[in-house]
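First the proteins, then the strands, lettered A, B, ... as listed; each starts at 1.
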There are 2 protein chains.
Amino acid sequence: MEYPSKLIENAVNQIAKLPGIGKKTALRLVLHLIKDKEENTLALAEALTTLRMQIKFCTTCHNISDHDICSICQSHRRDRALLCVVEDSKDVMAIENTAQYNGTYHVLGGVISPMNGVGPADLNIESLVQRLQGQIEIKEVILALSPTMEGDTTAFYINRRIKDLSLKISVIARGVPVGGDLEYADEITLGRSIIGRTLFG
Amino acid sequence: MEYPSKLIENAVNQIAKLPGIGKKTALRLVLHLIKDKEENTLALAEALTTLRMQIKFCTTCHNISDHDICSICQSHRRDRALLCVVEDSKDVMAIENTAQYNGTYHVLGGVISPMNGVGPADLNIESLVQRLQGQIEIKEVILALSPTMEGDTTAFYINRRIKDLSLKISVIARGVPVGGDLEYADEITLGRSIIGRTLFG
């Protein structure tokens, strides 16, 4: 594609670097921005710059935060006996959205994935172990990782590192999704849902 | 959705203002930017700002341009006897991409659409008429507007304004798309393709 302007070409290339956005979509967005009010583009650029320059990560749980300690870690209403270990901040938001959990979190920043060159040292696992060692507040660690090979590997690794700390270690339930039709569940999920069955009512 | 940070919330809201991007996609992009190198986000913000502040429109054809006169209008290799009237810059790019046209352009900046409150005065129609009046260079005006109600209305209006200027006025061919299966063409398109049939070979 020939662009009528270097400015357009540069903006398209920058936007097309974002995941899931190709050059055609990028061009559509750029042409929208040109037609739109100038202040909207400037506000967008400003929001991105401030985001990247000022964003912090909670020094306790590594979740995204506006301050050194995030609002969940600071809150006096959260149950400090429960610690939920998740892959990233998106998972914290998803669990918070369920309104079913009132404990605290620990964000790993990824999962162990030899294929992508991510080892335990690249994740916030050491800080999790340190957070759990020699404390009496946290009673249960909930491993809420994705039910994938990488998630399972990470859960096994964390379990090995913390199993001697006399804590209850649990994993989130695996089974058929609520609202999903049984016949569309794959055999592994269905099998796990039978093995992990609970008492009715 | 509760966001863990005001910065995230602001960036998500700004990105979600773009057409075709919802809050979920916006959040995915924001989390990507946070993980990505800082310089990438700053380069993106910079590209958007420069785009909006420095972009120009050709004073002759109203196409997007880096200069006061666009590269097509400046070029000595273009056939100045042909003038192609299009809705916006995207159409110029699409036609340029075909490599089948070597004339010049006139970008209207939209089509007449009473539903959206766009009248002839909101478009670059007056400047088209002025460009065609009292000149001898342009021999043919090609109306390359979308085959929609609005496009047709705009074409009729332009035709009425310039039909006395002793110019050849043409419209782009309508028919079955190349590579498309005949049975999937709608009846109006198929009907037009029969009415507008051309000699074989």
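With a threshold of 4.5 angstrom between heavy atoms, B:E96 does not approach chain A through any atom at all. Only the side chain of B:L42 has a heavy atom closer than 4.5 Å to any heavy atom of chain A. Heavy atoms of B:I72 lying under 4.5 Å from chain A are absent altogether. There is no contact between B:N13 and chain A, counting heavy-atom distances below 4.5 Å. Looking at A:L31, the atoms closer than 4.5 Å to chain B (heavy atoms on both sides) all sit in the side chain, from C-beta outward. In this structure, chain B has no heavy atom under 4.5 Å from any part of A:K24.
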I'd like to know whether A:H62 forms a side chain to side chain contact (heavy atoms under 4.5 Å, CB included) with A:S89, so could you lay out the CA-CA distance, the side-chain angles of the two residues, the decisive distance to 0.1 Å, and finally the verdict. CA-CA 8 Å; A:H62 305 283; A:S89 297; over 6 Å; no
Audit row: A:R52, B:L7, side chain to side chain contact (heavy atoms under 4.5 Å, CB included) steps and yes/no: CA-CA 9 Å; A:R52 201 59 184 82; B:L7 295 168; over 6 Å; no
Please report the C-alpha distance between B:Y105 and B:V85 in whole Å, then the side-chain angles of each, then the deciding distance to 0.1 Å, and finally whether the side chain to side chain contact (heavy atoms under 4.5 Å, CB included) criterion is met. CA-CA 6 Å; B:Y105 293 93; B:V85 177; over 6 Å; no
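At least one side-chain heavy atom of B:Q130 sits under 4.5 Å from a side-chain heavy atom of B:E126. A:L145 is not listed as a side-chain neighbour of A:D91, based on a closest heavy-atom distance of 4.5 Å or more.
Side-chain N/O atoms of B:N124 and B:S127 include no donor and acceptor closer than 3.5 Å. Residues B:D66 and A:S5 bring a donor and an acceptor atom of their side chains to less than 3.5 Å of each other.
Of the listed residues (A:D88, A:D36, A:L48), the one with the most heavy-atom contacts under 4.5 Å to chain B is A:L48. By number of non-hydrogen pairs under 4.5 angstrom with chain A, the leading residue of B:T25, B:L33, B:V30, B:N10 is B:L33. Top candidate by heavy-atom pairs under 4.5 Å with chain B, chosen from A:I15, A:L51, A:V92, A:N40, is A:L51. With chain B as the partner, the residue from A:A94, A:S65, A:G109, A:A43 showing the most heavy-atom pairs under 4.5 Å is A:A43. The most heavy-atom pairs under 4.5 Å with chain A, out of B:H67, B:K35, B:K6, B:E46, come from B:K6. Comparing A:I34, A:I21, A:L29 by heavy-atom pairs within less than 4.5 Å of chain B, the highest count is held by A:I34.
Here B:L108 contributes atom CG and B:T154 contributes atom OG1; the two are 7.0 Å apart, rounded to the nearest 0.5 Å.
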